[in-house]
Amino acid sequence: LPMANFGGHAIPGSFFLFYGFWLTVKHILQHYWRTSQPKARQIMPPFFKRMDYVEGGFQIFASFVGIMVEQFVVDGPHAHLYDRENNSWVKLMNWQHSTMYLFFGISGIALVASTTSKLVPAGVDRLALSLALFVEGFLFYYHLHNRPLLDAHIHSLLLVAVFSGSASTMLEVFIRDNIILELLRACLFILQGSWFYQIGFVLYPLSGPEWDLKLHDNIMFITTCFCWHLAVALLLVACTSSVVWL
């Protein structure tokens, strides 16, 4: 599904929102188990392994579907990168999205591998997820050139959530089982998901007037709005954590 409509922003938004809530529930359950066990017994029960298999498998499946859709939609590149007849690249936007999905797929494979085998070093799953977020942000950064002011600005705010998520996940490679970092990662995924929806509502409004993409006041409002999204994401993580913990 191409990004250039509301649905194209709602689908990844829904995925990231769901993933953020999933991570919140998973890590609160793990933290509850860790804090209620004697120090000597730190082997996680099979239930948590199954959760990781489900999460990794879902990432791999969703990434595969995403790549197939980007490549083989009616006007997609159909796995052609360069058109020799016209001497031009073929649908580079679709190739960029496919590359983002590829790295989230690699992250899923790393999670399954680190759950399956003790030979895989601890932290490889977090490293792969951090890289996937970095690649997403890196490609988005070069998505923004020659766009109207508000369009470029609202996407650049998305980069704040993406790169912050990448940095906090990279910290988890070195600081294991830290509930604050784990919930921060969940919170930043929820923020990213809700912001995808906000981008969709601003650029492709479902009702009401179109947004003026050059008006400075709109840029000020959207910047403030991003902070509200962060506050709501923190509140949602706190509420979900409380419900799961109690």
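Note that the numbering runs from 1 along the sequence shown for the chain.
Tracing side-chain contacts under 4.5 Å through hydrophobic residues (I, L, V, M, F, W, Y), one reaches F48 starting from L129; they form part of the same cluster. Under a hydrophobic clustering in which Ile, Leu, Val, Met, Phe, Trp and Tyr are joined whenever their side-chain heavy atoms come within less than 4.5 Å, directly or via other members, Y101 and M68 fall into the same cluster. L23 and V243 are members of different hydrophobic clusters when ILVMFWY side chains are connected at heavy-atom separations under 4.5 Å. Connection of W228 to L150 is established within a shared hydrophobic cluster, with ILVMFWY side chains joined at heavy-atom distances below 4.5 Å, either directly or through further cluster members. Two different hydrophobic clusters hold F174 and L111 under the rule that ILVMFWY side chains link at heavy-atom gaps under 4.5 Å.
One N or O on the side chain of S130 and one on the backbone of S166 form a donor-acceptor pair closer than 3.5 Å. A donor-acceptor distance shorter than 3.5 angstrom exists from the side chain of T35 to the backbone of Y32, with no hydrogens or angles considered. A donor-acceptor pair under 3.5 Å is absent between the side-chain atoms of H9 and the main chain of Y204, judged by distance alone. Not one N or O on the side chain of S117 forms a donor-acceptor pair closer than 3.5 Å with the backbone of S114. Formation of a donor-acceptor pair under 3.5 Å by the H153 side chain with backbone atoms of L149 is not found in this model. In this structure a side-chain-to-backbone donor-acceptor pair under 3.5 Å is present from S98 to N94. Not a single donor-acceptor pair under 3.5 Å links the side chain of E70 to the backbone N or O of H97.
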- request: Walk me through it: do I175 and N178 pass the test side-chain contact (heavy atoms from CB on, under 4.5 Å)?
  value: CA-CA 6 Å; I175 306 169; N178 184 302; 3.8 Å; yes
- prompt: ring pair (Phe, Tyr, Trp, His ring centres under 6.0 Å) between F201 and F6: does it pass, once the steps are laid out?
  reply: CA-CA 7 Å; F201 282 123; F6 180 80; 4.9 Å; yes
Verdict with supporting geometry, I199 and L158, side-chain contact (heavy atoms from CB on, under 4.5 Å): CA-CA 9 Å; I199 293 171; L158 181 68; 4.2 Å; yes
query: Please walk me through it: do K91 and D75 pass side-chain contact (heavy atoms from CB on, under 4.5 Å)?
result: CA-CA 9 Å; K91 302 279 181 182; D75 62 342; 3.9 Å; yes
query: Checking side-chain contact (heavy atoms from CB on, under 4.5 Å) for the pair T169/L188: CA distance, chi angles, key distance, verdict?
result: CA-CA 10 Å; T169 308; L188 289 168; over 6 Å; no
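Atom OG1 in T99 sits 9.5 Å away from atom CG in L92 (nearest 0.5 Å). L213 contributes atom CG, which lies 10.0 Å from atom CH2 of W211 (distance to the nearest 0.5 angstrom). Separating the CD1 atom in I154 from the CD1 atom in I222 is a distance of 4.0 Å, to the nearest 0.5 Å. Atoms CG and OG, on L230 and S194 in that order, are 9.0 Å from each other to the nearest 0.5 Å. Here the OG atom belonging to S107 is positioned 11.5 Å from the CG atom belonging to L102, to the nearest 0.5 angstrom. Separation of atoms CE (M220) and CG (L215) is listed at 11.0 Å; rounding is to 0.5 Å.
Two residues are said to be in side-chain contact when any heavy atoms from C-beta on lie closer than 4.5 Å; L144 and S156 meet this criterion. By the 4.5 Å heavy-atom criterion applied to side chains, F72 and P77 are not counted as neighbours. Counting only heavy atoms from C-beta outward, the side chains of F21 and V237 never approach each other to under 4.5 Å. Under the 4.5 Å side-chain criterion, counting only non-hydrogen atoms from C-beta, Q96 is not in contact with E136. Put simply, the side chain of V65 reaches to within 4.5 Å of the side chain of F61, judged on heavy atoms. Side-chain contact between V244 and T24 is absent, with no heavy atoms from C-beta onward closer than 4.5 Å. Between L184 and L171 there is no side-chain heavy-atom pair separated by less than 4.5 Å. Considering only heavy atoms from C-beta on, L29 stays 4.5 Å or farther from W33 through its side chain.
Taking a 6.0 Å sphere around NE2 of H78, one finds it holds more than 12 heavy atoms contributed by other residues, nucleotides or ligands. Heavy atoms from other residues, nucleotides or ligands lying under 6.0 Å from CZ of F103 number 12 at most. With a 6.0 Å radius and a threshold of 12 heavy atoms from other residues, nucleotides or ligands, Y53 has its OH atom above the threshold.
Using a 4.0 Å cut-off between a side-chain N of Lys or Arg and a carboxylate O of Asp or Glu, E55 and R50 do not qualify as a salt bridge.
When every heavy atom of V90 is checked against every heavy atom of W95, the shortest pair comes out as O-CD1, 3.1 Å. Taking all atoms of both residues into account, the shortest heavy-atom contact from L157 to T223 is CD1-CA, 4.0 Å. Pairing each heavy atom of S63 with each of G105, the nearest pair is OG-N, 3.0 Å. E182 and D177 make their closest contact through OE2-CA, 3.6 Å (heavy atoms, listed as atom of the first residue, atom of the second, distance). The heavy-atom pair separating A62 from F15 by the smallest distance is CB-CE1, 4.5 Å. Nearest approach of M51 to W22, heavy atoms of both residues: O-CZ2, 3.3 Å.
Ring geometry, F189 versus Y19: the interplanar angle exceeds 60°, so the pair is classed perpendicular (tilted spans 30 to 60°). Under the 30°/60° scheme for interplanar angles, the aromatic rings of H31 and W245 are found to be tilted. Ring planes of H229 and W195: perpendicular class, angle over 60° (limits at 30 and 60°). Note on ring orientation: taking the six-membered ring where Trp is involved, the planes of F138 and Y142 are perpendicular (angle over 60°, cut-offs 30° and 60°).
Shown are V160, L17, L133; of these, the side chain to side chain contact (heavy atoms under 4.5 Å, CB included) with Q192 is made only by L133.
Side-chain polar atoms of S88 and Y82 form no donor-acceptor pair below 3.5 angstrom. S241 and H27 are not linked by any side-chain donor-acceptor pair at a separation below 3.5 angstrom, with hydrogens and angles left out of the test.
Aromatic rings of F163 and Y141 (six-membered ring for Trp) have centroids beyond the 6.0 Å cut-off, not under it.
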